[in-house]
Amino acid sequence: MEFTVQQIADLLQGQVQGDGNATVNRLAKIEEGAPGSLSFLSNAKYEHFLYTTGATAVIVSNTLELKQPVTANLILVEDPYSSFSTLLEVYQQAVAAARQGVEEPCFIGENSTIGDRHYRGAFSYIGKNCKIGSGVHIYPQVYIGDNVTIGDNTVLFSGAKIYADCVIGSSCTIHAGAVIGSDGFGFAPQKDGSYKAIPQIGNVVLEDHVSIGANTTVDCATMGSTIIRTGTKIDNLVQVAHNVEIGRHTVVAAQTAFAGSSKVGNYCTIAGQVGVVGHVSIADKTIIGAKSGISKNIKEEGTFVQGAPAFDYKQNLRAMAVFRKLPELQKQVEELREKL
Amino acid sequence: MEFTVQQIADLLQGQVQGDGNATVNRLAKIEEGAPGSLSFLSNAKYEHFLYTTGATAVIVSNTLELKQPVTANLILVEDPYSSFSTLLEVYQQAVAAARQGVEEPCFIGENSTIGDRHYRGAFSYIGKNCKIGSGVHIYPQVYIGDNVTIGDNTVLFSGAKIYADCVIGSSCTIHAGAVIGSDGFGFAPQKDGSYKAIPQIGNVVLEDHVSIGANTTVDCATMGSTIIRTGTKIDNLVQVAHNVEIGRHTVVAAQTAFAGSSKVGNYCTIAGQVGVVGHVSIADKTIIGAKSGISKNIKEEGTFVQGAPAFDYKQNLRAMAVFRKLPELQKQVEELREKL
Amino acid sequence: MEFTVQQIADLLQGQVQGDGNATVNRLAKIEEGAPGSLSFLSNAKYEHFLYTTGATAVIVSNTLELKQPVTANLILVEDPYSSFSTLLEVYQQAVAAARQGVEEPCFIGENSTIGDRHYRGAFSYIGKNCKIGSGVHIYPQVYIGDNVTIGDNTVLFSGAKIYADCVIGSSCTIHAGAVIGSDGFGFAPQKDGSYKAIPQIGNVVLEDHVSIGANTTVDCATMGSTIIRTGTKIDNLVQVAHNVEIGRHTVVAAQTAFAGSSKVGNYCTIAGQVGVVGHVSIADKTIIGAKSGISKNIKEEGTFVQGAPAFDYKQNLRAMAVFRKLPELQKQVEELREKL
């Protein structure tokens, strides 16, 4: 897709300084700008790139005072970062809207319905009795088991797997290789020391605007539902065990794991490689530092913890500072003991 | 599937108290019971739900003395939990038995055989010279490489990948996205600092009743076999490296990793996010706490360790208790030094 | 494939001691040798197996002095390990070269090209405008999005997923279930506490001879490229976030995670379950111990760190040694305080 600088300026309600007829066909960082690319300058720290960039056009603040001549054509706007974000969105919406239709072969079971404006890639599979909304993108090799419900405008990237009976909301994004609804890890120990699988007959419910990262796994509930609520964003390679509930607008970074029946509040921020043991409850707006282990309930809103097992973030920092000097501390104690 | 309360009672050798002709069509937790659902009450702690549940029928102990009137129809049995488990199994077996036949298109290479009563989903792939047993379920988009052997009644969920030459026993469950037999991570450093891949020509052997979680990876041996023995259950996103051997009836929680050539005993319990370094050996019945790092052999049966690196569980708890107070301890030492 | 002992000896420029007409058809460890198998003896520690092995032939050093009679036929060479490695490579090349052709059904979009001697498995998907080299192996159920470039002789195992616009070099290996180019985890917090996805329009660039493990995830850049340079080897279940750059000939063990925009040098060795926070920079030849957390820049080449947060490896070992004895140290301090 190619646009003139003037077309971009009109879209952003900005003004052109330079050649409005110059054309751009892609977005790029200002330091990587090349002929045909459109960049933006938001942070004053990067202003020097403006004078050397090869970009055809740069979106800048209308309050910027140039210190040197520029060769790029400028688009003057109020807030360059926000304008650029708008462009990114328009671009992605255009790309997404262009993806419609059905590639063959693909499989759809009996009694399943799917709304208009959808895309179904080759080798995608939809089981029986599914109810799938409008504008849904089902990429190649996606698997959707029987009795699954999916809301409007949800995107399932290649190879995402949704087990039977799961319920997925509207405007969700499920990345490649993510598995939703696999059996919970429940085994009853037998008298001979072996284990017998406890049938897992529940499902997974993702509410609206949920994002699930690549190769993340979300197990179904033993009975009832594993639930991830509206607006929550989960990164790659995260494990969500059976009967877990994660609240609204919580973000979870990569490789974190929630053990069975743990409950996470709304508006939490959970860093990467965190582990949460089973059956604990975490209050709203909790912040958990990377690699932490949560072994008991967090009851107070807005708590910030770190460590494994985790405790107050600042207290942990102070303890770690002493930890590094433990050999010295030990030596001091030995000296004191000798003196006495 | 719909059943009368009397039919359920007959199956469980229980007695109906209420309307034996009422019908149920699904299982639910007692607190989530609704018309049409069947629940159970096992733990006295939840008895109050019995008097408010909307479930059509509840399985209860035949020794229970009601404290209030109930609207649900009761099925009186000796052990409600065990009866409910029986129902779950009957239910799952019925669902599984119903899944038979071949969906097209699917691929099967020359000289491969597969037993009766099997299911092969659309877009599943079976290579050459495979020998696959009876009652096997191969879900859509499963990949089975050349020369693979699979025993009876094993289930491979959608997108499971089995590399060439692997051997999988009977009654195993391989969840979606699991990878069995990928190349071991072996690279020989060269004089110029680069690495050359060491060909990995071994395979993976899973014995019977092994469960492999979603998106778990089990690498093939460099030579010989990576082995997971009978009855062992492995959760999601676990890494099992080349030439690892895991004994019988061991359970491994999510995101744990075993480095190359480590040996794990029988009847071990390994929590989540544990790391085991290469070439170590772990005795039978070892228990390893979450997030632990195992850096040396564990020789004694029944050892319980925690920490990274791991040591005795209770000793670790005590050390962690002091760790939190390290700044205070440091201050006390400083005061002592000043006094002397 | 079956060979005589003499044929193997000729290939390795070695001499036969025993029956040159005996035949072998597979490779095995010396302790697992059986009729028909070929083994090698390199480490003197395993010499006792030579006298008991059931292998038909064993490759040994031409300087070895036998201490007992052997029943296996020997192939005498200068360096048995290196000779065996040569055999492994010849074997794998033969297996790889034998895999050519196209299995149906498979999908290829308009304007995409692919070189000669390639393999495309059933249910594999190639989007539009892709440019794929010669000798490439695309296993069943692989997904390649639009506008992807792939160099010669690269192998993509079953279920590997390459998002649109990615660039993959020559002689790379992408294992089953790996995801290359999924959206970076970027969300802008909104005033109401919810999050809005920041469009991720960059790509992933893998240079030549890169290896990506099973179910590993590499996110695309927000803008520009996430880059993994020549010769770098990445194990299973690793997370590489948006805009990360990993240098040449670096090895990364399983379950490690790199947060957004982190930069890793050349010739680094990074153990398993390591976490690297966003925006840090790691010098060439850095060694990072298992389970470490890297929270700040590592500026000096050849640094060896351990711990979470990580510091000097030896210093960490010493601190951990005192950590185990913290309860004792605390008691000593208490005693000292009582005395004063």
Side-chain angles (χ1 to χ4, degrees), chain B residues 105-107 123-125 141 143 145 159 161 163 177-179 181-183 185 187-188 192-199 201 215-217 219 223-224 237-239 241 255 257 259 273 275 277 291 293 295 307-309 311 315-316 318-323 325-326 329 332-333 335-336 339-340, chain C residues 26-29 31-32 39 85 88-89 91-92 95 103-105 121-123 139-141 157-159 173 175-177 209 211 213-215 230-237 248-249 251 253-255 266-267 271-273 285 290-291 308 320 323-327 329-330 333-334 336-337 340:
Chain B
C106 62
F107 186 99
F123 317 122
S124 64
Y125 181 99
Q141 300 137 346
Y143 168 79
K161 308 296 181 199
Y163 278 52
V179 175
S182 40
D183 282 2
F185 194 64
F187 297 93
D192 64 355
S194 70
Y195 292 88
K196 194 172 164 184
I198 298 168
I201 63 163
N215 285 345
T216 279
T217 56
D219 282 350
M223 269 197 291
L237 294 168
V238 169
Q239 152 75 349
Q255 291 185 340
Q273 297 183 331
V277 306
K291 282 186 171 288
S295 53
F311 54 101
Q315 198 185 333
N316 186 282
R318 284 193 290 263
M320 278 306 303
V322 183
F323 171 78
K325 298 177 187 162
L326 274 183
L329 190 69
Q332 289 173 353
V333 172
E335 285 169 4
L336 288 167
K339 282 187 185 169
L340 282 175
Chain C
R26 66 184 179 283
L27 304 169
K29 293 185 198 175
E31 64 268 37
E32 294 173 355
S39 298
S85 293
L88 282 177
E89 276 170 46
Y91 173 82
Q92 283 218 327
V95 168
E103 293 165 353
E104 294 293 349
F123 318 123
Y139 275 72
Q141 300 136 349
F157 282 99
S158 178
T173 303
H175 276 285
H209 299 280
S211 180
N215 286 343
T230 295
T232 282
K233 313 297 184 188
I234 295 190
D235 201 353
N236 299 342
L237 294 166
R248 286 173 286 113
H249 308 298
V251 289
Q255 292 184 340
N266 306 313
Y267 307 106
Q273 298 183 331
K285 299 184 184 171
K291 283 186 171 289
M320 278 308 303
F323 172 77
R324 289 170 181 234
K325 296 178 187 162
L326 274 182
L329 190 69
Q330 186 186 40
V333 172
E334 274 165 24
L336 287 167
R337 283 161 55 88
L340 282 176

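Excluded from the calculations below are hydrogen atoms, water molecules and symmetry mates; all remaining heavy atoms, backbone and side chain alike, are included.
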[X] to [Y] - nearest heavy-atom pair and separation:
{"X": "C/R324", "Y": "B/Q315", "answer": "O-NE2, 3.6 Å"}
{"X": "B/S194", "Y": "C/Y267", "answer": "N-CE2, 4.5 Å"}
{"X": "B/N215", "Y": "C/L237", "answer": "O-CD2, 3.5 Å"}

For [X], which atoms come within 4.5 Å of any heavy atom of chain B: side chain, backbone, both, or neither?
{"X": "C/A176", "result": "both"}
{"X": "C/S211", "result": "side chain"}
{"X": "C/K233", "result": "both"}
{"X": "C/Q255", "result": "side chain"}
{"X": "C/Q330", "result": "both"}
{"X": "C/P327", "result": "both"}

*Give, for atom CD1 of B/I201 and atom CG of C/L27, the distance between the pair rounded to the nearest 0.5 Å.*
4.0 Å
*Looking at CD of C/E32 and CE of B/M223, how far apart are the two atoms once the value is rounded to the nearest 0.5 Å?*
8.5 Å
*Can a donor-acceptor pair be found between the side chains of C/Q141 and B/K161 at a distance below 3.5 Å?*
yes
*Tell me, please, which residues at least two apart from C/E334 pass salt bridge (charged side-chain N to carboxylate O under 4.0 Å, His left out).*
none
*Checking side-chain contact (heavy atoms from CB on, under 4.5 Å) for the pair C/H249/B/D192: CA distance, chi angles, key distance, verdict?*
CA-CA 10 Å; C/H249 308 298; B/D192 64 355; 5.9 Å; no
Out of [options], return the one with the most heavy atom pairs under 4.5 angstrom to chain B.
{"options": "C/G231, C/A28, C/A271, C/A308", "result": "C/A28"}
{"options": "C/E103, C/K29, C/E104, C/M320", "result": "C/E103"}
{"options": "C/T232, C/I234, C/T173", "result": "C/I234"}

*Does C/Y139 have its ring centroid less than 6.0 Å away from the ring centroid of B/Y125?*
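Ring centroids of C/Y139 and B/Y125 are no less than 6.0 Å from each other.
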*Taking B/Y163 for its side chain and C/F157 for its backbone only, find out whether a donor-acceptor pair lies under 3.5 Å.*
no
*Dump the intermediate steps for side-chain contact (heavy atoms from CB on, under 4.5 Å) on C/F123 and B/Y143, then the final yes or no.*
CA-CA 10 Å; C/F123 318 123; B/Y143 168 79; over 6 Å; no
_Is B/S124 in contact with chain C via its backbone, its side chain, both, or neither, using a 4.5 Å heavy-atom distance?_
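For B/S124, backbone heavy atoms alone lie under 4.5 Å from chain C.
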*Select one option (side chain, backbone, both, neither) describing which atoms of B/V277 are under 4.5 Å from chain C's heavy atoms.*
neither
*Go through the steps to decide whether B/V179 and C/H175 satisfy the test side-chain contact (heavy atoms from CB on, under 4.5 Å), and finish with yes or no.*
CA-CA 9 Å; B/V179 175; C/H175 276 285; over 6 Å; no
*Any side-chain heavy atom of C/Q273 within less than 4.5 Å of one from B/Q239?*
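Result no, sub-4.5 Å side-chain heavy-atom pair not found.
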*Determine whether C/F323 and B/L326 make a side-chain contact, defined as any pair of heavy atoms from C-beta on separated by less than 4.5 Å.*
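No; the side chains remain at least 4.5 Å from each other.
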*Can you list the steps and then say if B/L329 with C/L329 is a side-chain contact (heavy atoms from CB on, under 4.5 Å)?*
CA-CA 9 Å; B/L329 190 69; C/L329 190 69; 4.1 Å; yes
*Of all of B/D183, B/I198, B/V333, which one pairs up most often with chain C through heavy atoms under 4.5 Å apart?*
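Winner by heavy-atom pair count: B/D183.
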*Which residues share a ring pair (Phe, Tyr, Trp, His ring centres under 6.0 Å) with B/F185, sequence neighbours left out*: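 Testing B/F185 for ring pair (Phe, Tyr, Trp, His ring centres under 6.0 Å), a comparison that skips the adjacent residues, returns B/F187.
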